[in-house]
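Residue numbers begin at 1 in each chain, while the letters A, B, ... track the order of the sequences.
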2 protein chains.
Amino acid sequence: MHKGETVGPLDTAVGYVLKEAASALRGAMDASLRPLNLTVPQYACLELLGQRPGLSNADLARGAFVTRQSMNVVLQGLEARGLVIRPAEAAHGRQLPAELTPAGRAQLQAASTAVHAVEVRMCAGLSPARQKELLATLAVCARNLTETT
Amino acid sequence: MHKGETVGPLDTAVGYVLKEAASALRGAMDASLRPLNLTVPQYACLELLGQRPGLSNADLARGAFVTRQSMNVVLQGLEARGLVIRPAEAAHGRQLPAELTPAGRAQLQAASTAVHAVEVRMCAGLSPARQKELLATLAVCARNLTETT
DNA sequence: GACCGTATGTCAAAATCCTTACATGCACAA
DNA sequence: TTGTGCATGTAAGGATTTTGACATACGGTC
């Protein structure tokens, strides 16, 4: 067995600490979204639609890192609550471009504020430069793993 | 609405990119563990036990960021496959200290090598210094969110 | 000793999510 | 035009995970 062939001590393994941070973030997010009666996937859907109106179900699924089927039930729930609207028929292809209703925008405003507060808390003590580098480094990591080559 | 109250563009939001990276890592990990007939939680359990023999079910659950109940089914599965052993009775309290069998150690060796390869691929192009800073920064983020104060 | 708070292992039920599958619709090439 | 490939929306099923609950066991204080 050569040195470095296996995963080392957990607190020095990038993957482990990454999961630890993601898990903590997830927990903090649903705690802060619960008062608004929103789950994390529901919030993700609203945020996506707020920033990119007209996204299809499949687009939203990719953006929220879930399957189309999961996003579809999220959309149906948000639609039933009057936060999102989708046309009955597709104008082009099969895609049904979704959009926020005024009520959806209001919910998003509250939710996004709450989530932003969580992010601020998470990054407490990190200089802007360090936050920026974290962002860039994580983007590189994600890219390295999603490349098909 | 004041500047910065809500979450900004997705690719500049730390939380979003963090989830993106974690999701990519999860996908790459199951792909590389599938040939070994191991899921990510199962691998996590083996890795924990390899590094800290005698951990209880609750300890393993905390270390793998799942509930005790989930870890319990994982343990039962690994026990049935002869990779892990637990005493029938607790020596102290209710904790049942789990340990790897020789077969479990062999499986862990293969799995840990595969996962390490994924981590290497993920960190490709990052200098050792940058990896170290990533590690430290993520640890700070996790700490900031898990503090009870 | 008796009590209360906390931690553990486990069971049952519910919710969540993914896997599989199929019917459609567009784009592109032969 | 025809067909092949790929993407989409949706439904049904199963697998996994969490939620809620309970009995037990230790550690502290009164």
Side-chain angles (χ1 to χ4, degrees), chain A residues 19 22-31 33-34 37-45 48-49 52 54-81 84-99 148, chain B residues 19 22-31 33-34 37-45 48-49 52 54-81 84-99 148:
Chain A
K19 174 151 186 179
S23 175
L25 174 61
R26 172 65 184 250
M29 279 178 70
D30 30 56
L33 288 172
R34 188 164 306 125
N37 279 323
L38 284 177
T39 66
V40 171
Q42 286 170 338
Y43 157 72
C45 181
L48 260 323
L49 284 177
R52 308 208 268 265
L55 245 43
S56 72
N57 177 30
D59 290 329
L60 290 167
R62 277 186 289 271
F65 313 109
V66 295
T67 61
R68 284 170 295 167
Q69 293 82 343
S70 296
M71 182 52 71
N72 198 18
V73 319
V74 169
L75 270 176
Q76 286 173 2
L78 294 175
E79 226 175 339
R81 284 162 67 177
V84 166
I85 43 170
R86 274 191 293 181
E89 299 177 358
H92 177 68
R94 301 198 69 189
Q95 302 190 6
L96 298 177
E99 286 186 13
T148 53
Chain B
K19 174 151 187 179
S23 175
L25 174 62
R26 172 66 183 249
M29 279 178 70
D30 347 93
L33 288 172
R34 188 164 306 124
N37 279 321
L38 285 177
T39 66
V40 171
Q42 286 170 339
Y43 157 71
C45 181
L48 260 325
L49 284 178
R52 308 211 266 267
L55 246 43
S56 72
N57 177 31
D59 291 328
L60 290 167
R62 276 186 290 270
F65 312 108
V66 297
T67 61
R68 285 170 297 167
Q69 293 84 337
S70 296
M71 182 52 72
N72 200 16
V73 318
V74 169
L75 269 176
Q76 287 172 2
L78 294 176
E79 225 173 341
R81 284 164 65 177
V84 167
I85 44 171
R86 273 191 296 181
E89 298 177 358
H92 177 69
R94 301 197 69 189
Q95 302 189 9
L96 299 177
E99 286 186 14
T148 52

K.L.:
Hey, does B:Val66 reach any base, or is it just sugar-phosphate, or nothing, if we go heavy atoms under 4.0 Å?
P.N.:
sugar-phosphate
K.L.:
Considering non-hydrogen atoms only, spot the tightest contact between B:Leu38 and B:Gln42 and give its length.
P.N.:
CA-OE1, 3.4 Å
K.L.:
Which nucleotide wins on minimum distance to the side chain of A:Ala58, given the candidates C:dA12, C:dG9, D:dT8?
P.N.:
D:dT8
K.L.:
Could you check B:Asn57 against A:Arg26 and say which one's nearest nucleotide on DNA chain C is further toward the 5' end?
P.N.:
B:Asn57
K.L.:
Whole angstrom is fine here: how far is it from CZ in B:Arg86 over to C1' in C:dG9?
P.N.:
8 Å
K.L.:
Below 4.0 angstrom from OP1 or OP2 of C:dC18, is there any side-chain N or O of A:Thr67?
P.N.:
yes
K.L.:
Taking all atoms of both residues into account, what is the closest heavy-atom pair of B:Cys45 and B:Leu75, and its distance?
P.N.:
SG-CD2, 3.8 Å
K.L.:
Side chain of B:Arg62 only, heavy atoms from C-beta on: which candidate in C:dC26, C:dT8, D:dT8 is closest?
P.N.:
C:dT8
K.L.:
Classify B:Thr39 by what it touches in the nucleic acid, base, sugar-phosphate, or nothing, heavy-atom distance under 4.0 Å.
P.N.:
nothing
K.L.:
If you look at every heavy atom in A:Glu99 and A:Gly54, which pair is closest and at what distance?
P.N.:
CG-N, 3.9 Å
K.L.:
The side chain of B:Arg68 is closest to which nucleotide in this list: D:dG9, D:dA23, C:dT10?
P.N.:
C:dT10
K.L.:
Would you say the side chain of B:Gln76 and the base of C:dT10 hold a donor-acceptor pair, judged only by whether the two atoms sit under 3.5 Å apart?
P.N.:
no
K.L.:
If you assign A:Val73 and A:His92 each to the DNA chain C nucleotide with the nearest heavy atom, which residue ends up on the more 5' nucleotide?
P.N.:
A:Val73
K.L.:
Looking at A:Asn72, does any N or O in its side chain come under 4.0 Å of the phosphate oxygens OP1/OP2 on D:dG9?
P.N.:
no
K.L.:
Rounding to a whole Å, what distance do you find between B:Glu89:CD and D:dT24:P?
P.N.:
15 Å
K.L.:
What is the distance from CG of B:Leu75 to C1' of C:dG9, rounded to the nearest Å?
P.N.:
11 Å
K.L.:
Within less than 4.0 Å of OP1 or OP2 of C:dT6, is there a side-chain N or O belonging to B:Arg94?
P.N.:
no
K.L.:
Among B:Arg94, B:Gln95, B:Arg86, which residue meets the side chain to side chain contact (heavy atoms under 4.5 Å, CB included) test with B:Asn57?
P.N.:
B:Arg86
K.L.:
The side chain of B:Gln95 lies closest to which of these nucleotides: C:dC17, C:dG9, D:dA11?
P.N.:
C:dG9
K.L.:
Figure out the CD/C1' separation between A:Gln42 and C:dA15, and round it to whole Å.
P.N.:
13 Å
K.L.:
Looking at every heavy atom in both B:Leu96 and B:Pro87, which two are closest together, and how far apart are they?
P.N.:
CD2-O, 3.8 Å
K.L.:
Starting from C1' on C:dT19, measure out to CD on A:Gln69 and report it in whole angstrom.
P.N.:
8 Å
K.L.:
Under 4.0 Å: is that the gap between some side-chain N or O of B:Ser56 and OP1 or OP2 of C:dT8?
P.N.:
no
